[in-house]
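In what follows, a single structure is set out as structure tokens and then discussed.
In listed order, ligands and their atoms are each counted from 1.
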Amino acid sequence: MMLNRHDGHLFVEDVALETLAERFGTPLYVYSRAALEAAYQRYTRAFAATPHLICYAVKANSSLAILNLFARLGAGFDIVSGGELVRVLAAGGDPGKVVFSGVGKTADEMRAALDAGIRCFNVESASELQRLNRVAGEVGKIAPVSFRVNPDVDPKTHPYISTGLKQNKFGIPIAEAPALYQLAASLPHLKITGIDCHIGSQLTDLSPLADAADRVLALVDTLARDGIALHHIDLGGGVGIRYCDETPPDLEAYGRILAERFAGRHEQLLLEPGRSLVGNAGLLLTRVEYLKPGEDKHFAIVDAAMNDLMRPALYEAYHDIVAVSLRAAPMQRYDIVGPICETGDFIGFARDMAIAEGDLLAVLSAGAYGMSMASNYNSRPRAAEILIDKNEIHLVRDRETQNAMMAGERLFC
Ligand SMILES: *Cc1c(COP(=O)(O)O)cnc(C)c1O
């Protein structure tokens, strides 16, 4: 992220985080426009040799300003719900560049996506295929179909974010794909456009991605021999980022791996990156409410919690946490925890920090699966969001109000 320190104070681009906390309060999500754009440009450069479309995976961060920024850069979008489609359209995204993933698409979601004219449905089962054919027939449309196949490769990541193994709920087994493509070809309200896979998230090794590409390409060639030609090959997202000491995969190397395999092919390459576009372009700003010394350990109780950033509680994920202003306090080891009534409500364990009550902390790498997973647990309003563009401060989401949180609820009589 475009983070820098001047005279001991932390800045995002040209704006001091202290200024933001004073003006907008905490907890506060802060994004850097330069970092978002740099992440996108890294993709377009790495895959320049292959005709491609980057479909940003909306679930990583579905805030309208972020979607709008990617839409302006020419991105497509990978959505997993009708709600995400509404957001993409509201943000000015091109429906012709939208791919619709997910194992549980409802008939209503299918109708909305057909109405918008999306690029394709990534179909994940035979039942979904039949439903899509029926819904398209009812509305007098032809639905573009791409199957999500499960290449059964081990992405070597956290089990909760691994999706491409046989035992996962996602996709159709690659061995069943030829029969399903034939079925799709026989149904009147469908047209086959492509193929898709997505094997997992936070991948730090390129070899599973290369293996998945090889298996998918072999299948595409089998399909071609059977008379089924595809327009695009979507290899999903999943490229990891650095949270702590991981070595994220080299995008240029991934670009070369795919350029080799796509040379001489006519299909367009699609990718569905989420985390690697936004993860390190955002941080969560939080204030220390209390320092609570203990016999065995010390706690720093901050005003951000698992409802703001769920990844530590959900996956025991690690986020770097840094003091916004350096001070001459004694260095102590703290568990950084939120105010929520759950032992699982932590942001980071055993961090050595020189801090005092009232200090600001920046929880780094929080741009992906942060705000998009935020909830109202413990009746906590969701944080505000700021987008920094050099020295400009854009409030892109107001802090949720107590009234907005209760809207739609009523007493019964
Ligand atoms: C979550 C998801 C992605 C994005 O994954 P990242 O690890 O954030 O890049 C892409 N495609 C599908 C189908 C997904 O579910």
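The contact shell of ligand 1, taken as protein residues with any non-hydrogen atom closer than 4.0 angstrom, comprises A57, K59, D78, S101, R148, H198, S201, G237, G238, E272, P273, G274, R275, Y369.
Within a 6.0 Å sphere centred on NE2 of H189, heavy atoms belonging to other residues, nucleotides or ligands number more than 12. By the neighbour-count criterion of 12 heavy atoms within 6.0 Å, atom OH of Y290 is sparsely surrounded, having that number or fewer from other residues, nucleotides or ligands.
For Y40 and Y56, the ring centers sit 6.0 Å or farther from each other.
Legend: residues meeting side-chain contact (heavy atoms from CB on, under 4.5 Å) with A300, ordered by chain and number and at least two apart, are L291, Y334, I336, I355. For D352, the side-chain contact (heavy atoms from CB on, under 4.5 Å) test picks out M331, R333, with sequence neighbours left out. Applying the side-chain contact (heavy atoms from CB on, under 4.5 Å) rule to V216 yields the partners V149, I195, C197, V220, I233, L235; only residues at least two apart in sequence or on another chain are considered.
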